[in-house]
Amino acid sequence: MGSYPQGAAGQASPSARERVLVLDFGSQYTQLIARRVREQHVFCEIVRHDISVEQVQHHAPSGLILSGGPSSAHEGSAPTCDPRLFELGLPTLGICYGMQVVCQALGGRVDRASAREHGPSRCQLLENSELFDGLPEEIDVWMDHRDQVTGVSHEFLPIARTATCPIAAVKHRRLPVYGLQFHPEVTHTPLGGLLLQNFLMTVCNCRGTWRLSDFIRETVDQVRHRVGRDRVICGLSGGVDSSVTAALLYQAIGAQLSCILVDNGLLRKDEKAAVIAEFSRHFHTDLHVVQAEERFLASLRGVRDPQEKRRRIGHCFIDCFAQEAAQIQNARFLAQGTLYPDVIESGAAPDGPAAPIKLHHNVGGLPAELQFELIEPLRDLFKDEVRRLGLELGLPDDIVWRHPFPGPGLAVRCLGEVTRQRLEVLREADSIVVNEIKAAGLYRDTSQAFAVLLPVQSVGVVGDARTYEDAIAIRCVNTDDFMTADWSRLPYDLLARISTRIIHEVRGVNRVTYDISSKPPATIEWE
């Protein structure tokens with residue numbers, strides 16, 4: 001099953017509770033489907049598209065959702081699922097490519113559309129359906145497809161259409177199987193949440209009883225059972241993910257937890273001191289601090305490719321971590337703050353249909369020589385769920401609401417070669433960005449804000465002298481789930497203040513720009 005979560009010990013997977021399985025056909029929206037389901041307080045798991053009938057029965061789900069995907073269902077090599085799944089009597093919803101898979105498996109036809117459709121569309125509902133209960137006769141939807149269902153068997157009933165897609169939704173006459181050509185999970189389909197709620201509560205008969213408190217109790221029990229009397233090591237960065245991971249583990253095993261902070265020289269300004277102070281105050285764990293700045297900078301010397309940066313940082317981190325961990329007695333497990341978005345952006349499974357966006361240093365398992373068993377208690381959660389979990393665990397607001405920071409640190413915000421001098425420029429600029437946003441009272445209103453040092457220089461004028469210095473880009477986004485994001489509309493006077501301070505106070509910078517791209521198509525981080 002690759003690296004898809006399957007309820008292993010130390011991961012969140014309730015054993016006797018209603019749940020929905022999301023079959024992943026490679027869409028970058030797959031995680032959004034899972035998140036929308038959880039917003040209805042129904043637990044869900046993302047599984048491979050080719051999961052066996054026996055494995056589905058073992059999960060005992062309340063329903064199935066087939067995600068979208070980049071493939072063409074009419075091509076021989078396109079990913080599909082076992083058609084016997086549809087005969088299990090499980091409520092099933094196919095979305096976009098998932099609808100095409102359902103219809104084709106049950107006697108329908110899928111063809112290339114005359115033109116790819118990407119964007120808003122107006123959808124007309126043709127038939128009464130449990131799926132559309134409470135919706136008006138016409139709704140705004142978001143389309144993103146190049147193929148479409150052009151014919152269905154007599155057992156299917158078309159229940160919606162658009163101007164360019166005659167079969168925009170279907171319902172099986174005999175089975176509890178539905179299909180939607182549009183995407184109800186994205187915010188661009190305003191009534192998509194109600195549509196999914198109808199599927200979950202009416203078609204699947206779910207009650208919506210899953211809560212994060214259940215997650216805490218079950219995960220604590222799983223960790224205690226798995227760990228026994230051994231020791232767990234947790235890598236700390238001071239970010240939300242590692243902090244919540246440590247807090248959850250501390251609740252489960254207390255003094256059996258050891259934490260390691262690797263100072264790689266890629267941290268934000270005053271980050272190390274803040275982490276040490278916070279974890280000395282809020283956690284009573286065995287904290288080890290590794291001084292490794294020189295080692296990381298030597299490894300990154302001359303490297304410009306972002307993926308190579310991540311690889312080298314990951315290898316360096318493991319080497320430093322392993323050396324320090326070897327000094328800790330009875331350590332058998334390593335805990336990581338891997339989240340759902342980390343998994344999907346790394347391509348989930350090596351042989352799965354999802355395309356990798358970027359490498360994550362904490363996804364993909366551990367080298368054999370590290371000799372630890374991996375515990376990833378947050379692997380099934382989204383960032384907003386992790387924050388709520390942190391509050392449930394009693395963590396202070398300054399930890400819970402801290403903006404995310406990438407595992408490779410400032411190295412992936414320092415475009416081009418990473419040097420000590422360039423890091424200092426970036427570190428000072430980044431500190432100004434964050435502090436000014438905090439001073440304006442907008443830190444909690446933004447999801448992530450930071451500076452990026454660009455690998456270009458530009459002409460400027462200071463006094464009567466010509467300069468040729470660095471350029472800084474400011475990136476500030478708003479998002480609920482970090483799978484999609486929009487740029488923050490910060491006040492002009494705030495942006496002006498940030499720009500003025502950076503140019504006046506950060507030596508070697510004469511230009512500041514503001515990034516106004518959304519995700520997708522851009523990612524939040526530049527590398």
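Computation of the quantities below employed the complete heavy-atom set of this structure, encompassing side-chain atoms and omitting hydrogens, waters and symmetry-equivalent molecules.
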Sorted by chain and number, sequence neighbours left out, side-chain hydrogen bond (donor to acceptor under 3.5 Å, both in side chains) with Asn205 holds for none
Counting only heavy atoms from other residues, nucleotides and ligands, does the tally under 6.0 Å from CZ of Arg304 exceed 12? no
What pairs of donor and acceptor atoms, side-chain ones from residues 258-267 against any protein atom, are under 3.5 angstrom apart with sequence neighbours left out?
{"unit_1": "Ser258", "atom_1": "OG", "unit_2": "Arg231", "atom_2": "NH1", "d": "2.9"}
{"unit_1": "Ser258", "atom_1": "OG", "unit_2": "Asp286", "atom_2": "OD2", "d": "3.2"}
{"unit_1": "Asp263", "atom_1": "OD1", "unit_2": "Gly265", "atom_2": "N", "d": "3.2"}
{"unit_1": "Asp263", "atom_1": "OD2", "unit_2": "Lys272", "atom_2": "NZ", "d": "3.3"}
{"unit_1": "Asn264", "atom_1": "OD1", "unit_2": "Leu266", "atom_2": "N", "d": "2.8"}

Looking only at heavy atoms, the pair that brings Leu393 and Ala247 closest together is CD1-CB, 4.0 Å
Q. Can Gln55 and Ser52 be counted as having a side-chain donor-acceptor contact under 3.5 angstrom?
A. yes
Under 3.5 Å, is there a donor-acceptor pair between the side chain of Lys309 and the main chain of Gly416?
-> yes
Name each donor-acceptor pair under 3.5 Å that joins a side chain in residues 192-200 to protein atoms two or more places apart or in another chain, with its distance.
{"unit_1": "Gln197", "atom_1": "NE2", "unit_2": "Gln40", "atom_2": "OE1", "d": "3.2"}
{"unit_1": "Asn198", "atom_1": "ND2", "unit_2": "Leu131", "atom_2": "O", "d": "3.0"}
{"unit_1": "Asn198", "atom_1": "ND2", "unit_2": "Asp133", "atom_2": "O", "d": "2.8"}

Between Ala473 and Trp526 the two heavy atoms that sit nearest each other are CB-CZ2, 3.8 Å
Item checked: Carboxylate-amine/guanidinium proximity below 4.0 Å for Glu525 and Arg475 -> no
Margin query: Test side chain to side chain contact (heavy atoms under 4.5 Å, CB included) on Tyr29 and Cys96; report intermediate values, then the result.
Written below: CA-CA 11 Å; Tyr29 295 147; Cys96 197; over 6 Å; no
Identify whether the distance between the nearest side-chain nitrogen and carboxylate oxygen of Arg19 and Glu45 falls below 4.0 Å. yes
Sorted by chain and residue number, the side-chain hydrogen bond (donor to acceptor under 3.5 Å, both in side chains) partners of Ser447 (sequence neighbours excluded) come out as none
*For the side chain of Thr446 and the backbone of Cys476, is there at least one donor-acceptor N/O pair under 3.5 Å apart?*
no
Heavy-atom nearest pair, Val290 first then Cys320, reads CG1-CB, 4.4 Å
Inset, instruction - Please check if the side chain of Gln307 supplies one atom and the backbone of Glu527 the other of a donor-acceptor pair under 3.5 Å. - result: no
Going through the checks in order, is the salt bridge (Lys or Arg N to Asp or Glu O under 4.0 Å) test met by Arg402 and Glu271? CA-CA 12 Å; Arg402 181 174 292 167; Glu271 185 82 26; 3.7 Å; yes
Taken in chain and number order and not counting sequence neighbours, the residues that satisfy ring-ring contact (aromatic ring centres under 6.0 Å, His included) with Tyr97 are Phe25
Rounded to the nearest 0.5 Å, the OG atom of Ser67 sits from the CG atom of Leu32 at a distance of 11.0 Å
Would you mind checking if Arg388 and Asp384 are paired as a salt bridge, meaning a charged N to carboxylate O distance below 4.0 Å? yes
Before you tell me yes or no, could you show the steps for Cys81 and Phe86 under side chain to side chain contact (heavy atoms under 4.5 Å, CB included), namely the whole-Å CA-CA distance, both residues' side-chain angles and the distance that decides it to 0.1 Å?
CA-CA 10 Å; Cys81 63; Phe86 306 128; 3.7 Å; yes
Closest heavy-atom pair, Ala451 versus Ile472, reported as atoms and distance to 0.1 Å, is CB-CG2, 4.0 Å
For Trp487, the ring-ring contact (aromatic ring centres under 6.0 Å, His included) test, sequence neighbours excluded, returns none
Residue pairs passing the ring-ring contact (aromatic ring centres under 6.0 Å, His included) test with at least one member in residues 394-453, sequence neighbours excluded, are His403-Tyr443
Heavy-atom count check: over 12 atoms from other residues, nucleotides or ligands less than 6.0 Å from Arg489 CZ?
yes
Arg207 meets the side chain to side chain contact (heavy atoms under 4.5 Å, CB included) criterion, sequence neighbours left out, with Glu18, Thr209
Taking His49 for its side chain and Leu23 for its backbone only, find out whether a donor-acceptor pair lies under 3.5 Å. no
- Query: Is a side-chain N or O of Glu376 found less than 3.5 angstrom from the main chain of Gln336, in a donor-acceptor match?
  - Reply: no
Separation between CD (Glu185) and CD (Glu39), nearest 0.5 Å, reads 11.5 Å
Are there more than 12 heavy atoms of other residues, nucleotides or ligands under 6.0 Å from atom CD of Gln421?
-> no
Would you confirm whether Asp430, through its side chain, and Leu426, through its main-chain N or O, come within 3.5 Å as a donor-acceptor pair? no
- Any salt bridge between Glu373 and Arg332, counting N to O under 4.0 Å? yes
Quiz prompt | Arg422 backbone acceptor or donor facing Arg427 side chain under 3.5 Å | solution = no
One should read off an interatomic distance between Arg301 CZ and Glu417 CD, to the nearest 0.5 angstrom, of 8.5 Å
Sequence neighbours excluded, the answer for ring-ring contact (aromatic ring centres under 6.0 Å, His included) partners of His188 is Trp142
Salt bridge (charged side-chain N to carboxylate O under 4.0 Å, His left out) pairs touching residues 233-244, sequence neighbours excluded, are Asp241-Lys383
ask   = Is the side chain of Ser488 donor-acceptor paired with the backbone N or O of Leu490 at a distance under 3.5 Å, no angle test?
value = no
| query | Side chains of Asp24 and Thr30: do they bring a donor and an acceptor to under 3.5 Å? | reply | yes
Here the gap from Ser242 atom OG to Leu249 atom CG, rounded to the nearest 0.5 Å, amounts to 11.0 Å
Separation between OH (Tyr250) and CD (Gln256), nearest 0.5 Å, reads 11.5 Å
Smallest heavy-atom separation, Ile498 atom then Ile432 atom, equals O-CG2, 4.2 Å
| query | Do Ile95 and Ile33 pass the side chain to side chain contact (heavy atoms under 4.5 Å, CB included) test, and can you show the C-alpha distance, the side-chain angles, and the key distance before you say yes or no? | reply | CA-CA 10 Å; Ile95 296 176; Ile33 299 173; 3.9 Å; yes
Verify side chain to side chain contact (heavy atoms under 4.5 Å, CB included) between Leu389 and Leu381, making sure each step is shown before the conclusion. CA-CA 10 Å; Leu389 182 62; Leu381 299 185; 3.9 Å; yes
Only residue of Ile216, Val400, Leu248 satisfying side chain to side chain contact (heavy atoms under 4.5 Å, CB included) with Glu392 is Ile216
query: Can any side-chain N or O of Thr92 pair as donor or acceptor with the backbone N or O of Leu90 at less than 3.5 Å?
result: yes
Residues passing the side-chain hydrogen bond (donor to acceptor under 3.5 Å, both in side chains) test with Glu436, sequence neighbours excluded, are Arg497, Arg501
Sorted by chain and residue number, the side-chain hydrogen bond (donor to acceptor under 3.5 Å, both in side chains) partners of Arg420 (sequence neighbours excluded) come out as Glu293, Glu294
Smallest heavy-atom separation, Arg413 atom then Pro406 atom, equals NH2-CD, 3.2 Å
Taken to the nearest 0.5 Å, the spacing of Phe43 CZ from Arg211 CZ works out to 14.0 Å
